[in-house]
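Every value quoted in this text rests on a predicted model; they were computed, and no experiment measured them. Numbering starts at 1 and runs along the sequence shown.
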Amino acid sequence: MQNIKQISALETFPIRHHVLRAEKMIDNCHFDGYNLKPTAYFYLFDQTNLIGVISIFEAKNDLLFQKNSFEFGEW
């Protein structure tokens, strides 16, 4: 059974560091806007094992007509 849990931006740092920034200091996991209100993060678990992370954040896209658009990141 899979389970999804919303997490804080800071809770993403250990896994973000391991997957995306292992060669750098963990402080390099801080990105501009990572803690803004429209940004959300979720862990996906299979039983008790973490199997994925998704981030959702506001991002301007000139190809879209909407004023506000959002981007999904997975890792």
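- One finds the OG1 atom of Thr39 at 9.5 Å from the CD1 atom of Ile56 (value rounded to the nearest 0.5 Å).
- Remark: Ile7 CD1 to Ile15 CD1 distance equals 9.5 Å, nearest 0.5 Å.
- Annotation: the span from Lys5 atom NZ to Glu11 atom CD amounts to 5.0 Å, rounded to 0.5 Å.
- Of all heavy-atom pairs between Ile51 and Gln2, the closest is CD1-NE2, 3.8 Å.
- Side-chain N or O atoms of Tyr43 include none that pairs as donor or acceptor with a backbone N or O of Ile54 at under 3.5 Å.
- Atom OG1 of Thr12 sits about 12.5 Å away from atom CZ of Phe42, to the nearest 0.5 Å.
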